[in-house]
Amino acid sequence: MNKVYKTAADALEGVLKDDMLIAAGGFGLCGIPELLIAAIKDSGVKDLTFASNNAGVDDFGLGLLLQTRQVRKMISSYVGENAEFMRQYLSGELELEFAPQGTLAERMRAAGHGIPGFYTKTGVGTVIAEGKDHKDFNGETYILEEGIFADLSIVKAWKADTSGNAIFRKAARNFNPPAAMCGKLCVMEVEEIVEVGELDPDNIHLPGIYVHRLIQGSHEKRIEQRTTRIREEA
(Lines give C-alpha, C1' and ligand atoms only; values in the text may rest on other atoms or scores of the structure.)
Protein backbone atom coordinates (compact mmCIF):
# COMPACT_ATOMS: atom_id res chain seq x y z
CA MET A 1 0.00 0.00 0.00
CA ASN A 2 1.38 3.40 -0.99
CA LYS A 3 1.48 5.72 2.03
CA VAL A 4 3.30 8.64 0.41
CA TYR A 5 1.23 11.60 -0.81
CA LYS A 6 2.39 14.68 -2.70
CA THR A 7 0.88 17.39 -0.51
CA ALA A 8 -0.74 17.85 2.87
CA ALA A 9 -4.08 18.57 1.18
CA ASP A 10 -3.80 15.29 -0.76
CA ALA A 11 -3.00 13.36 2.42
CA LEU A 12 -6.04 14.79 4.21
CA GLU A 13 -8.46 14.39 1.32
CA GLY A 14 -11.61 12.55 2.39
CA VAL A 15 -10.52 12.58 6.03
CA LEU A 16 -11.56 15.95 7.45
CA LYS A 17 -15.01 16.82 8.74
CA ASP A 18 -16.55 19.17 11.30
CA ASP A 19 -16.55 18.22 15.01
CA MET A 20 -13.49 15.98 14.75
CA LEU A 21 -11.19 15.12 17.65
CA ILE A 22 -7.64 15.56 16.40
CA ALA A 23 -4.45 14.65 18.30
CA ALA A 24 -1.56 16.91 17.28
CA GLY A 25 2.10 16.36 17.98
CA GLY A 26 4.55 19.05 18.98
CA PHE A 27 6.19 20.45 22.08
CA GLY A 28 6.38 24.24 22.29
CA LEU A 29 7.40 25.15 18.76
CA CYS A 30 9.30 21.90 18.25
CA GLY A 31 7.89 19.12 16.08
CA ILE A 32 4.74 20.95 15.03
CA PRO A 33 2.98 19.46 11.95
CA GLU A 34 2.74 22.90 10.36
CA LEU A 35 2.00 21.73 6.80
CA LEU A 36 -0.95 19.62 7.92
CA ILE A 37 -2.25 22.42 10.15
CA ALA A 38 -2.15 24.79 7.18
CA ALA A 39 -4.10 22.27 5.09
CA ILE A 40 -6.72 21.92 7.84
CA LYS A 41 -7.04 25.70 7.92
CA ASP A 42 -7.51 25.88 4.15
CA SER A 43 -10.14 23.11 4.24
CA GLY A 44 -12.49 25.25 6.31
CA VAL A 45 -13.57 22.50 8.73
CA LYS A 46 -14.79 23.86 12.06
CA ASP A 47 -15.85 23.01 15.61
CA LEU A 48 -12.69 20.95 16.05
CA THR A 49 -11.33 19.55 19.29
CA PHE A 50 -7.56 19.31 19.52
CA ALA A 51 -5.57 17.26 22.01
CA SER A 52 -2.14 18.87 22.06
CA ASN A 53 0.42 19.85 24.66
CA ASN A 54 -0.03 23.49 23.70
CA ALA A 55 -1.38 25.55 20.81
CA GLY A 56 1.72 26.99 19.22
CA VAL A 57 1.84 30.79 19.21
CA ASP A 58 -0.49 33.40 17.78
CA ASP A 59 0.78 33.19 14.20
CA PHE A 60 2.14 29.65 14.06
CA GLY A 61 0.98 26.11 14.68
CA LEU A 62 -2.50 25.56 16.09
CA GLY A 63 -2.63 29.27 16.82
CA LEU A 64 -3.55 29.76 13.16
CA LEU A 65 -6.69 27.67 13.63
CA LEU A 66 -7.62 29.64 16.73
CA GLN A 67 -7.42 32.84 14.70
CA THR A 68 -9.91 31.48 12.17
CA ARG A 69 -12.23 30.17 14.93
CA GLN A 70 -12.03 26.60 13.64
CA VAL A 71 -11.26 25.19 17.11
CA ARG A 72 -14.08 24.67 19.62
CA LYS A 73 -12.12 22.92 22.38
CA MET A 74 -8.51 22.31 23.43
CA ILE A 75 -7.25 19.46 25.60
CA SER A 76 -3.90 20.84 26.70
CA SER A 77 -1.37 21.09 29.49
CA TYR A 78 0.08 24.53 28.69
CA VAL A 79 -1.67 27.66 27.45
CA GLY A 80 1.10 30.25 27.71
CA GLU A 81 2.79 32.06 24.80
CA ASN A 82 -0.51 32.36 22.93
CA ALA A 83 -2.45 35.55 23.62
CA GLU A 84 -5.38 34.57 21.39
CA PHE A 85 -5.70 31.22 23.16
CA MET A 86 -5.93 32.96 26.53
CA ARG A 87 -8.29 35.63 25.22
CA GLN A 88 -10.75 33.11 23.76
CA TYR A 89 -10.67 30.96 26.88
CA LEU A 90 -11.18 33.85 29.31
CA SER A 91 -14.01 35.27 27.18
CA GLY A 92 -15.80 31.91 27.04
CA GLU A 93 -15.29 31.44 23.30
CA LEU A 94 -13.06 28.38 23.67
CA GLU A 95 -13.54 25.27 25.81
CA LEU A 96 -10.45 24.09 27.63
CA GLU A 97 -9.78 20.79 29.34
CA PHE A 98 -6.60 21.02 31.37
CA ALA A 99 -4.48 17.87 31.54
CA PRO A 100 -1.16 17.59 33.37
CA GLN A 101 1.61 17.10 30.83
CA GLY A 102 2.50 13.54 31.77
CA THR A 103 -1.17 12.59 32.07
CA LEU A 104 -1.89 13.99 28.61
CA ALA A 105 0.94 11.99 27.05
CA GLU A 106 -0.21 8.84 28.85
CA ARG A 107 -3.84 9.34 27.81
CA MET A 108 -2.66 9.34 24.19
CA ARG A 109 -0.29 6.40 24.65
CA ALA A 110 -2.93 4.38 26.51
CA ALA A 111 -5.43 4.81 23.68
CA GLY A 112 -2.79 3.72 21.19
CA HIS A 113 -2.46 0.48 23.13
CA GLY A 114 -6.21 -0.04 23.42
CA ILE A 115 -6.33 0.91 27.11
CA PRO A 116 -9.56 2.83 27.91
CA GLY A 117 -8.34 4.37 31.15
CA PHE A 118 -5.83 4.32 34.00
CA TYR A 119 -5.49 5.59 37.56
CA THR A 120 -2.96 8.25 38.55
CA LYS A 121 -2.19 10.34 41.65
CA THR A 122 -1.50 13.42 39.52
CA GLY A 123 -4.23 16.00 40.06
CA VAL A 124 -5.75 14.48 43.18
CA GLY A 125 -7.17 17.25 45.36
CA THR A 126 -7.21 19.82 42.55
CA VAL A 127 -9.74 20.99 39.95
CA ILE A 128 -8.26 18.34 37.64
CA ALA A 129 -9.92 15.67 39.79
CA GLU A 130 -13.41 17.17 39.80
CA GLY A 131 -16.02 14.77 38.42
CA LYS A 132 -13.55 11.90 38.03
CA ASP A 133 -13.69 8.50 39.68
CA HIS A 134 -11.52 8.21 42.79
CA LYS A 135 -10.10 4.93 44.04
CA ASP A 136 -7.70 4.02 46.84
CA PHE A 137 -4.73 1.72 46.29
CA ASN A 138 -2.56 0.82 49.29
CA GLY A 139 -3.87 3.77 51.24
CA GLU A 140 -3.29 6.32 48.48
CA THR A 141 -6.01 8.04 46.42
CA TYR A 142 -5.90 7.96 42.64
CA ILE A 143 -8.16 9.40 39.93
CA LEU A 144 -9.30 7.75 36.74
CA GLU A 145 -8.09 9.31 33.48
CA GLU A 146 -9.54 8.15 30.16
CA GLY A 147 -7.54 7.40 27.04
CA ILE A 148 -7.79 9.86 24.15
CA PHE A 149 -9.12 8.01 21.12
CA ALA A 150 -8.79 10.58 18.34
CA ASP A 151 -10.47 10.55 14.95
CA LEU A 152 -7.23 11.79 13.38
CA SER A 153 -3.59 12.21 14.38
CA ILE A 154 -1.30 14.76 12.75
CA VAL A 155 2.40 14.56 13.59
CA LYS A 156 5.82 15.61 12.34
CA ALA A 157 8.95 13.45 12.16
CA TRP A 158 12.53 14.15 11.14
CA LYS A 159 12.96 11.11 8.91
CA ALA A 160 10.79 8.17 7.84
CA ASP A 161 10.80 5.39 5.30
CA THR A 162 8.03 4.80 2.82
CA SER A 163 6.30 2.40 5.23
CA GLY A 164 6.04 5.11 7.88
CA ASN A 165 8.72 3.89 10.28
CA ALA A 166 9.82 7.19 11.83
CA ILE A 167 12.59 8.90 13.74
CA PHE A 168 12.01 12.08 15.74
CA ARG A 169 14.66 14.57 16.80
CA LYS A 170 15.20 15.62 20.40
CA ALA A 171 12.17 17.34 22.06
CA ALA A 172 9.96 16.53 19.05
CA ARG A 173 9.89 12.98 20.39
CA ASN A 174 7.90 14.02 23.48
CA PHE A 175 4.36 14.16 22.13
CA ASN A 176 4.57 13.10 18.49
CA PRO A 177 4.79 9.31 19.07
CA PRO A 178 1.88 9.07 21.55
CA ALA A 179 -0.19 11.48 19.45
CA ALA A 180 0.43 9.33 16.37
CA MET A 181 -0.60 6.17 18.19
CA CYS A 182 -4.00 7.34 19.45
CA GLY A 183 -5.65 8.28 16.15
CA LYS A 184 -7.89 6.06 14.06
CA LEU A 185 -5.93 7.47 11.13
CA CYS A 186 -2.47 9.04 11.37
CA VAL A 187 -1.04 11.48 8.83
CA MET A 188 2.63 12.35 9.26
CA GLU A 189 4.80 15.00 7.66
CA VAL A 190 8.56 14.49 7.54
CA GLU A 191 11.66 16.36 6.49
CA GLU A 192 13.06 13.37 4.61
CA ILE A 193 11.56 10.14 3.25
CA VAL A 194 13.86 7.21 2.48
CA GLU A 195 13.32 3.72 1.15
CA VAL A 196 12.50 0.77 3.39
CA GLY A 197 15.68 -0.72 4.80
CA GLU A 198 17.66 2.52 4.93
CA LEU A 199 16.83 3.21 8.59
CA ASP A 200 18.44 1.26 11.42
CA PRO A 201 15.61 -0.72 13.06
CA ASP A 202 17.13 -0.04 16.49
CA ASN A 203 16.70 3.70 15.96
CA ILE A 204 13.00 3.65 15.04
CA HIS A 205 10.86 5.66 17.48
CA LEU A 206 7.47 4.97 15.87
CA PRO A 207 6.65 1.78 13.93
CA GLY A 208 5.05 2.31 10.54
CA ILE A 209 1.99 0.30 11.55
CA TYR A 210 0.70 3.46 13.26
CA VAL A 211 1.17 5.66 10.19
CA HIS A 212 -1.35 5.59 7.35
CA ARG A 213 -0.30 8.54 5.18
CA LEU A 214 2.82 10.69 4.96
CA ILE A 215 4.21 13.65 3.08
CA GLN A 216 7.60 15.26 2.72
CA GLY A 217 8.11 19.01 2.92
CA SER A 218 10.30 21.85 4.08
CA HIS A 219 9.68 23.28 7.53
CA GLU A 220 10.30 26.52 9.37
CA LYS A 221 12.76 26.33 12.26
CA ARG A 222 11.52 28.65 14.99
CA ILE A 223 12.88 29.48 18.42
CA GLU A 224 10.22 29.96 21.08
CA GLN A 225 12.18 32.35 23.27
CA ARG A 226 15.39 34.12 22.22
CA THR A 227 17.39 36.08 24.77
CA THR A 228 20.59 37.83 23.72
CA ARG A 229 23.03 40.37 25.10
CA ILE A 230 25.51 42.69 23.52
CA ARG A 231 28.92 41.06 23.26
CA GLU A 232 31.47 42.79 25.47
CA GLU A 233 34.59 44.12 23.82
CA ALA A 234 37.61 41.90 24.40
Asks: Grab the two heavy atoms, one from D10 and one from K6, that are nearest each other, plus how far apart they are.
Replies: OD2-CB, 3.6 Å
Asks: Does S163 use its side chain to pair, donor to acceptor, with the backbone of N165 at less than 3.5 Å?
Replies: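 A pair under 3.5 Å: no.
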Asks: Using every non-hydrogen atom in the two residues, find where G147 and A111 come nearest and quote the distance to one decimal.
Replies: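 Scanning both residues, the minimum pair turns out to be C-CB, 4.2 Å.
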Asks: Over all heavy atoms of both residues, which pair between S77 and N53 is shortest? Give the atoms and the distance, please.
Replies: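 Nearest pair, atom of S77 first, then N53: OG-OD1, 2.5 Å.
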Asks: Does the side chain of V194 come within less than 4.5 Å of L199's, by heavy atoms?
Replies: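 With C-beta onward as the side chain, the pair touches.
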Asks: When you look at OH of Y5, are more than 12 heavy atoms from neighbouring residues, nucleotides or ligands closer to it than 6.0 Å?
Replies: yes
Asks: Do the side chains of I22 and T49 get nearer than 4.5 Å, heavy atoms only?
Replies: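 The answer is no; the side chains never approach within 4.5 Å.
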Asks: Taking only residues two or more places apart in sequence or in another chain, which ones pass side chain to side chain contact (heavy atoms under 4.5 Å, CB included) with A180?
Replies: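 Side chain to side chain contact (heavy atoms under 4.5 Å, CB included) check on A180 returns V155, C186, L206.
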Asks: If hydrophobic clusters are built from ILVMFWY residues whose side chains come within less than 4.5 Å, do L36 and L16 share one?
Replies: yes
Asks: Would you mind reporting whether T103 and E106 have side-chain heavy atoms less than 4.5 Å apart?
Replies: no
Asks: Would you check if the side chain of H205 reaches a backbone N or O of A166 as a donor-acceptor pair within less than 3.5 Å?
Replies: no
Asks: Quick test of your reading of the model: are R87 and E93 salt-bridged, counting only N-O distances below 4.0 Å?
Replies: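 Result for this pair is yes, salt bridge flagged.
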Asks: Following the transitive rule for hydrophobic clusters with a side-chain heavy-atom cut-off under 4.5 Å over Ile, Leu, Val, Met, Phe, Trp and Tyr, establish whether M86 and V71 coincide in one cluster.
Replies: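 They do not share one cluster, since no chain of ILVMFWY contacts under 4.5 Å joins M86 to V71.
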Asks: Got a sec: does the CD1 of I115 have more than 12 other heavy atoms crowding it under 6.0 Å?
Replies: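 Counting other residues, nucleotides and ligands, CD1 of I115 exceeds 12 neighbours.
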Asks: Apply salt bridge (Lys or Arg N to Asp or Glu O under 4.0 Å) to E97 and list each qualifying residue two or more places apart in sequence or on a separate chain.
Replies: K73, R107
Asks: Is it the case that over 12 heavy atoms from other parts of the model lie below 6.0 angstrom from the NZ atom of K132?
Replies: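 Yes.
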Asks: Any chain of hydrophobic side-chain contacts (each under 4.5 Å) joining L64 to F50?
Replies: no
Asks: For residues 134-144, which residue pairs pass the salt bridge (charged side-chain N to carboxylate O under 4.0 Å, His left out) check, not counting sequence neighbours?
Replies: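 The answer is K121-E140.
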Asks: Just verifying a value: how many Å separate M108 CE and N176 CG, rounded to the nearest 0.5 Å?
Replies: 9.5 Å
Asks: Looking at every non-hydrogen atom in both residues, tell me the closest pair between I148 and L104 and how far apart they are.
Replies: CD1-CD1, 3.7 Å
Asks: Using the side chain to side chain contact (heavy atoms under 4.5 Å, CB included) rule, take E34 and F60 through it: C-alpha gap first, then chi angles, then the decisive distance, then the call.
Replies: CA-CA 8 Å; E34 59 195 82; F60 188 70; 3.6 Å; yes
Asks: If you look at every heavy atom in A55 and F85, which pair is closest and at what distance?
Replies: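 Heavy atoms of A55 and F85 come nearest at CB-CD1, 3.3 Å.
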Asks: Looking only at non-hydrogen atoms, find the nearest pair between G123 and A129 and report the distance.
Replies: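 Residues G123 and A129, closest heavy atoms: O-CB, 3.4 Å.
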Asks: Check whether more than 12 heavy atoms from other residues, nucleotides or ligands sit under 6.0 Å from atom CZ of R173, and answer yes or no.
Replies: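 Incorrect, the count does not exceed 12.
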Asks: Taking the side chain as every heavy atom from C-beta outward, state whether S43 and L12 have any pair of such atoms under 4.5 Å apart.
Replies: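 Of all side-chain heavy-atom pairs linking L12 with S43, none is under 4.5 Å.
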Asks: In Å and rounded to the nearest 0.5 Å, what is the CG to OG1 distance from L214 to T162?
Replies: 8.0 Å
Asks: When you measure from the side chain of K156 to the backbone of A172, do you find a donor-acceptor pair of N or O atoms at a distance under 3.5 Å?
Replies: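 Absent.
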Asks: State the CD-OG1 distance between Q101 and T122, to the nearest 0.5 angstrom.
Replies: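 Interatomic distance, Q101 CD to T122 OG1, rounded to 0.5 Å: 11.5 Å.
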Asks: Treating D151 as the side-chain partner and L21 as the backbone partner, does any N or O pair qualify as donor plus acceptor under 3.5 Å?
Replies: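 A pair under 3.5 Å: yes.
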Asks: Is the closest side-chain heavy-atom distance between S76 and N54 below 4.5 Å?
Replies: no
Asks: Is a side-chain N or O of Q88 found less than 3.5 angstrom from the main chain of L66, in a donor-acceptor match?
Replies: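 Flag set: sc Q88 to bb L66 pair under 3.5 Å.
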Asks: Hey, quick one: are I32 and V57 part of the same hydrophobic cluster, counting side-chain heavy atoms closer than 4.5 Å, chains of contacts allowed?
Replies: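 Yes, same cluster.
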Asks: Is there a continuous path of hydrophobic side-chain contacts, each under 4.5 Å between heavy atoms, that joins L185 to I37?
Replies: yes
Asks: Going through the checks in order, is the side chain to side chain contact (heavy atoms under 4.5 Å, CB included) test met by M74 and S52?
Replies: CA-CA 7 Å; M74 290 293 306; S52 177; 4.3 Å; yes
Asks: List the residues meeting salt bridge (Lys or Arg N to Asp or Glu O under 4.0 Å) with K17, not counting sequence neighbours, and say none if there are none.
Replies: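 With neighbours one apart ignored, the set is empty.
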Asks: I want to check something: taking the side chain as every heavy atom from C-beta on, are V187 and V15 in contact at a cut-off of under 4.5 Å?
Replies: no
Asks: Below 4.0 angstrom, N of the basic side chain to O of the carboxylate: do D47 and R72 qualify?
Replies: no
Asks: Scan for ring pair (Phe, Tyr, Trp, His ring centres under 6.0 Å) pairs involving residues 105-146, sequence neighbours excluded, and state none if there are none.
Replies: Y119-F137, F137-Y142
Asks: Any pair with a residue in residues 158-168 that passes salt bridge (charged side-chain N to carboxylate O under 4.0 Å, His left out), sequence neighbours left out, goes on the list, sorted by first then second residue, please.
Replies: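 Every salt bridge (charged side-chain N to carboxylate O under 4.0 Å, His left out) pair that includes a residue of residues 158-168, provided the two are not neighbours, is K159-E192.
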Asks: Counting only heavy atoms not in E146, do more than 12 sit closer than 6.0 Å to its CD atom?
Replies: no
Asks: Could you check if a side-chain atom of M188 sits within less than 4.5 angstrom of a side-chain atom of K3, using non-hydrogen atoms only?
Replies: no
Asks: Pick from V4, T7, L35: which one makes a side chain to side chain contact (heavy atoms under 4.5 Å, CB included) with I215?
Replies: L35
Asks: Determine whether a donor-acceptor pair (N or O, by modelled atom type, separation under 3.5 Å) exists between the side chain of R69 and the backbone of Q67.
Replies: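 At least one qualifying donor-acceptor pair exists.
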Asks: For E95, does the CD atom have more than 12 heavy-atom neighbours from other residues, nucleotides or ligands under 6.0 Å away?
Replies: yes
Asks: Specify whether F98 and Y89 have parallel, tilted or perpendicular ring planes, treating 30° as the upper limit for parallel and 60° as the lower limit for perpendicular.
Replies: perpendicular
Asks: Strictly distance-based, threshold 3.5 Å: is any side-chain N or O of R213 a donor or acceptor partner for the main-chain N or O of A11?
Replies: yes
Asks: Indicate yes or no: at least one non-hydrogen side-chain atom of V45 is less than 4.5 angstrom from one of M20.
Replies: no
